[in-house]
Amino acid sequence: MQELPKELAARRIDRPVPLREHVYQAMQELIISRRLAPGQHLVESELAQMLGVSRQPVREALQWLNNEGWVDLRPGYGAFVHQPTPDEADELLAVRSLLESESARLAALHADEEGIARLRDLNKQGLEAVAADDVDTAVALNAAVHRCVTELSGNKVLLDFATQVDRRVRWYYTPIARQRGKASWQEHAMLIDAIEKRDADAAAQIMKEHTERTRKSYLEQRDTEGEQEQVIELPARRRRRTPAKG
């Protein structure tokens, strides 16, 4: 076996995660959970104080979040949490339906007893979270159920794609978690039954209908609240300081 050149072998890659990445993850989670609401003005100094860091990693994280569509940077006004349009939500949730229907079909063909038991345990915890009106836990467990189904599909490409849309789905699901409530978890139970029976067609259909109900609930709530018609009141434009003449 050929050895690596000394200049390459000497390089280390086990560096600690940069602070900006921790700040990015924390801010992304605040957005997904709606603690930072769509359209909300994000002030660097306030975020820095809240997270216990300087403004520099916050500024870097905001740029990163802007690149990924979580935050909008508006010259002269600052940063705002992105406000998804109905089309954005519709397109992403439609893609999610396709991915997860296929995941459910494959899970029915490949899931083992341990995987099915894991699904049932997650679903039980989800029902308990709904009964306790613990929305954050219910949303996290809902994502865990869907991820588990995709993992049980045995298709790594599907898992990669599902992981890419998972955080966005949580963002859209959070405001309707109470609305979907117990019904969502009953649908999960039907899905798990179909997977356990190895009924691939039924599992795919149940998942398709399940994700479609979530999509419709989200769009209906947006229409009811009129979010797409909201006009965000922008703060005053920031003025550049003019150096004093001396």
Side-chain angles (χ1 to χ4, degrees), residues 29 31-35 37-38 84-108 111 115-153 158 162-163 165-228:
E29 194 59 37
I31 292 171
I32 290 171
S33 65
R34 303 276 172 148
R35 288 176 175 80
T85 67
D87 284 346
E88 287 174 9
D90 194 30
E91 289 170 4
L92 182 125
L93 294 175
V95 169
R96 178 219 188 191
S97 179
L98 293 172
L99 293 173
E100 298 203 1
S101 295
E102 179 63 7
S103 293
R105 185 185 73 81
L106 292 173
I116 293 168
R118 184 153 45 104
L119 282 173
R120 292 204 182 280
D121 181 58
L122 288 170
N123 207 52
K124 177 176 176 291
Q125 292 180 54
L127 283 167
E128 291 170 352
V130 169
D133 196 30
D134 186 347
V135 173
D136 288 345
T137 300
V139 171
L141 286 167
N142 179 73
V145 168
H146 285 262
R147 180 175 179 83
C148 185
V149 170
T150 306
E151 289 173 346
L152 293 175
S153 75
L158 266 178
T163 300
V165 303
D166 173 67
R167 291 183 179 86
R168 298 273 175 184
V169 171
R170 284 174 55 206
W171 192 26
Y172 297 143
Y173 185 71
T174 296
I176 61 167
R178 282 195 178 93
Q179 179 182 333
R180 291 284 281 130
K182 191 175 180 180
S184 180
W185 297 92
Q186 291 171 337
E187 293 160 17
H188 286 164
M190 293 171 57
L191 171 66
I192 298 167
D193 288 343
I195 291 173
E196 186 172 35
K197 293 174 182 176
R198 309 298 180 193
D199 191 337
D201 291 339
Q205 185 61 32
I206 291 168
M207 180 65 92
K208 180 179 179 181
E209 293 172 356
H210 173 69
T211 53
E212 178 64 15
R213 289 189 185 102
T214 296
R215 186 183 73 86
K216 287 185 175 179
S217 294
Y218 177 82
L219 295 174
E220 286 170 1
Q221 176 153 316
R222 279 193 60 100
D223 288 342
T224 300
E225 294 179 352
E227 284 187 4
Q228 66 272 39

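Position 1 is the first residue of the sequence, and the numbers go up from there. Because the structure is a prediction, the values reported are computed rather than measured.
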Please round to the nearest 0.5 Å and tell me the distance separating atom [atom1] of [X] and atom [atom2] of [Y].
X    : Y    : atom1 : atom2 : answer
L92  : W171 : CG    : CH2   : 10.0 Å
E29  : D136 : CD    : CG    : 8.5 Å
I192 : K197 : CD1   : NZ    : 12.5 Å
L127 : W185 : CG    : CH2   : 7.0 Å
L119 : K124 : CG    : NZ    : 15.0 Å
R180 : S217 : CZ    : OG    : 5.0 Å

Holding to side-chain hydrogen bond (donor to acceptor under 3.5 Å, both in side chains), I want the full list of residues that pass it with R178, two or more places apart in sequence or in another chain.
D133
Is it true that [X] and [Y] make a salt bridge, defined as a side-chain N closer than 4.0 Å to a carboxylate O?
X    : Y    : result
D90  : R215 : yes
R105 : D199 : no
E151 : R118 : yes
E100 : R96  : yes

Have Q125 and D121 got a donor and an acceptor in their side chains that come within less than 3.5 Å?
yes
Does a side chain donor of either R170 or S33 reach within less than 3.5 Å of an acceptor in the other side chain?
no
Sidechain-backbone polar pair: [X] side chain, [Y] backbone, donor-acceptor under 3.5 Å:
X    : Y    : answer
T211 : K208 : yes
R198 : A111 : yes
D166 : R147 : no

Note, I176 side chain near Y173 side chain (heavy atom, < 4.5 Å)
yes
I want to check something: taking the side chain as every heavy atom from C-beta on, are L152 and I195 in contact at a cut-off of under 4.5 Å?
no
Kindly check if the number of other-residue, nucleotide or ligand heavy atoms within 6.0 Å of CZ (R167) is above 12?
no
Please report the closest heavy-atom contact between [X] and [Y], naming both atoms and the distance.
X    : Y    : result
K182 : V130 : N-CG1, 3.9 Å
Y218 : P175 : CE1-CG, 4.3 Å
L122 : C148 : CD1-CB, 4.1 Å
S153 : S103 : CB-O, 3.5 Å
M190 : I206 : O-CD1, 3.7 Å
R34  : T174 : CG-CG2, 3.8 Å

I would like to know whether E196 and R120 meet side chain to side chain contact (heavy atoms under 4.5 Å, CB included); could you show each step before the answer?
CA-CA 10 Å; E196 186 172 35; R120 292 204 182 280; 2.7 Å; yes
Pair L98, E102 - check side chain to side chain contact (heavy atoms under 4.5 Å, CB included), show working.
CA-CA 6 Å; L98 293 172; E102 179 63 7; over 6 Å; no
Which label fits H210 and H146: parallel for a plane angle under 30°, tilted from 30 to 60°, or perpendicular past 60°?
parallel
